[in-house]
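Heads up, the thing below is written out as C-alpha cells.
All chains are named by letter (A, B, ...) in the order of the sequence lines, taking the proteins before the strands, and each is independently numbered beginning at 1. Keep in mind that what you see is a predicted model, and the values were worked out from it rather than measured.
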Number of protein chains: 2
Amino acid sequence: MNPTMTAAQSRAQAKQEYDAYLAACPSRRLLDRLSDKWITLVLSALGEQDMRYSELSRRIAGVSQKMLTQTLRQLERDGLVTRTVTPSVPVQVDYAITGLGRSLLTVVHGIKEWAEEHMDEVERRRAAFDEAHGTG
Amino acid sequence: MNPTMTAAQSRAQAKQEYDAYLAACPSRRLLDRLSDKWITLVLSALGEQDMRYSELSRRIAGVSQKMLTQTLRQLERDGLVTRTVTPSVPVQVDYAITGLGRSLLTVVHGIKEWAEEHMDEVERRRAAFDEAHGTG
DNA sequence: CAGAATCCAAGGGGATACTG
DNA sequence: CAGTATCCCCTTGGATTCTG
C-alpha cells in the first residue's frame, strides 16, 4: 500500500486489478459469450443444420440484421462456425457449425438440463418470496 | 396474416411473440441469470463457505454495494442462498448457499471445465482470424 | 454493519437507409 | 441476397449520500 494514495485511489486500483483478473479468467470469458442472447440461439440453430444468412434470420425471428451479422462474425472469429461464400449472383453465404462449436453445445445442453429440471422449483421459491415480502 | 397489417407491423408482432417465447424458455432464463457477472461470483464464493455481507464485498473486490445487494436479493428470492439476520448491535447478516444453489454450481463447473479445456483453442482461432483479416 | 435511495454517464442494441 | 453505416433510445451499473 502506498501511503500517498487516498482510500478512494486504492479502492479504484483494487477494482482495476480485479477487473483485469476477471477479463483474463477463461470461464468468465466463456460466460460472457454465452450470456449473449444470440450466440446460443445461432449456435443451436446451426447445430441442427447448416443455414444461409437469410435462413438464420428467419429461423431466429427476433434478431436484427445488425445483431445477426455481429453474432456470426464473433462465432466465426472464435472458430465456432464457418462462413462459406459462393460467388454467384446474387451471392450465397452458408454458415456451418465446427467441431469446436459442437462441443460447446454440450455445455449449453448441461445448462438446459438443469433449467428444465429446477427452474420451476426456482419459480416456486420466487413466488413464495414475493408472497412473504409483499407483492406490491 | 391480417391483410390490414403493414409488413412492419407483422414483423413487430413476430418479434413480440418471439421475445415472449424466449422470456418463457427455462434455459434462456437460467442463462440470463448466469450471464450476470456477480451471480456466479457470489454463488461460487458462498460455495466455499458462509459469509457475511462485508466479507463478500471484500472477497469480491470489484463489486459495488448496489450490485452486491441486488445480486444477493435475487439469489435469495430464487432460493439459491439464505439470508440470516442476527439482531445484535450492529446487526449481523450471514449468507449461505442452499442445496438448490449448490446443484447449480455443478452447471457452473461444467462451463468452467469447457473453458479451461478449449479457450486457448478459441484464442488461437481468434488470433488467426485477426491475422487473416487485418489486425488494424 | 448492512443496506436504501438518488443521480447520471456509457454503451448495447434496435430502426432505418443504403450498397456490391 | 448479404451485408454496412448511422442515428438514437433506453437500460445497466457506478458514485455518492443517507439511515436503522
Electrostatic pair [X]-[Y], nearest N-O below 4.0 angstrom:
| X | Y | answer |
| --- | --- | --- |
| B:R29 | A:E123 | yes |
| A:R124 | A:E121 | yes |
| B:D94 | B:R52 | no |
| B:E48 | B:R59 | yes |

If I take atom [atom1] in residue [X] and atom [atom2] in nucleotide [N], what distance separates them, rounded to the nearest angstrom?
| X | N | atom1 | atom2 | value |
| --- | --- | --- | --- | --- |
| A:M51 | D:dG3 | CE | P | 15 Å |
| A:L72 | D:dT4 | CG | C1' | 14 Å |
| A:I39 | C:dG12 | CD1 | C1' | 14 Å |
| B:Q16 | C:dG14 | CD | P | 14 Å |
| B:Q74 | C:dG3 | CD | P | 15 Å |
| A:D32 | C:dG12 | CG | P | 11 Å |
| A:Q92 | C:dG20 | CD | C1' | 17 Å |
| B:E55 | C:dG3 | CD | C1' | 16 Å |

Summarise protein proximity over nucleotides 5-20 of chain D in one line of letters, 5' to 3': B for base, S for sugar-phosphate only, - for none, counting protein heavy atoms closer than 4.0 Å.
--------BBBB----

Tell me whether B:T86 contacts the main-chain N or O of B:S88 through its side chain, where contact means a donor paired with an acceptor under 3.5 Å.
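Not confirmed, B:T86 side chain does not pair with B:S88 backbone.
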
Checking A:T69 side chain against A:K66 main chain: does a donor-acceptor pair fall under 3.5 Å?
no

Using OP1 and OP2 only, check whether a side-chain N or O of [X] sits under 4.0 Å from [N].
| X | N | result |
| --- | --- | --- |
| A:Y95 | D:dC1 | no |
| B:R52 | C:dA2 | yes |
| A:R83 | D:dA2 | no |

Looking at DNA chain D, which of residues 23-31 of chain A put a heavy atom within less than 4.0 Å of it?
none

How sharply is the helix from C:dC1-D:dG20 to C:dG20-D:dC1 bent, taking the axes over five pairs at either end and rounding to 10 degrees?
50°

For A:G101 and A:L43, which heavy atoms make the closest approach, and how far apart are they?
O-CD2, 4.1 Å

Considering residues, nucleotides and ligands other than B:Y21, do more than 12 of their heavy atoms fall under 6.0 Å from its OH?
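No, not enclosed.
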
Could you tell me how the ring of B:H118 sits relative to the ring of B:W114: parallel (under 30°), tilted (30 to 60°) or perpendicular (over 60°)?
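Tilted: the ring planes of B:H118 and B:W114 meet at 30° to 60°.
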
Which class fits the ring pair B:Y53 and B:Y95: parallel under 30°, tilted 30 to 60°, perpendicular over 60°?
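Correct class here is tilted.
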
Hydrogens and angles aside, do B:T40 and A:R28 bring a side-chain donor and acceptor to less than 3.5 Å of each other?
yes

Does the salt bridge (Lys or Arg N to Asp or Glu O under 4.0 Å) test come out yes or no for A:D78 and A:R33, once each step is laid out?
CA-CA 10 Å; A:D78 292 355; A:R33 281 279 183 255; 2.8 Å; yes

Given D:dA2, D:dT4, C:dG3, the nucleotide with the shortest approach to the side chain of B:T69
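Looking only at side-chain atoms, B:T69 lies closest to C:dG3.
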
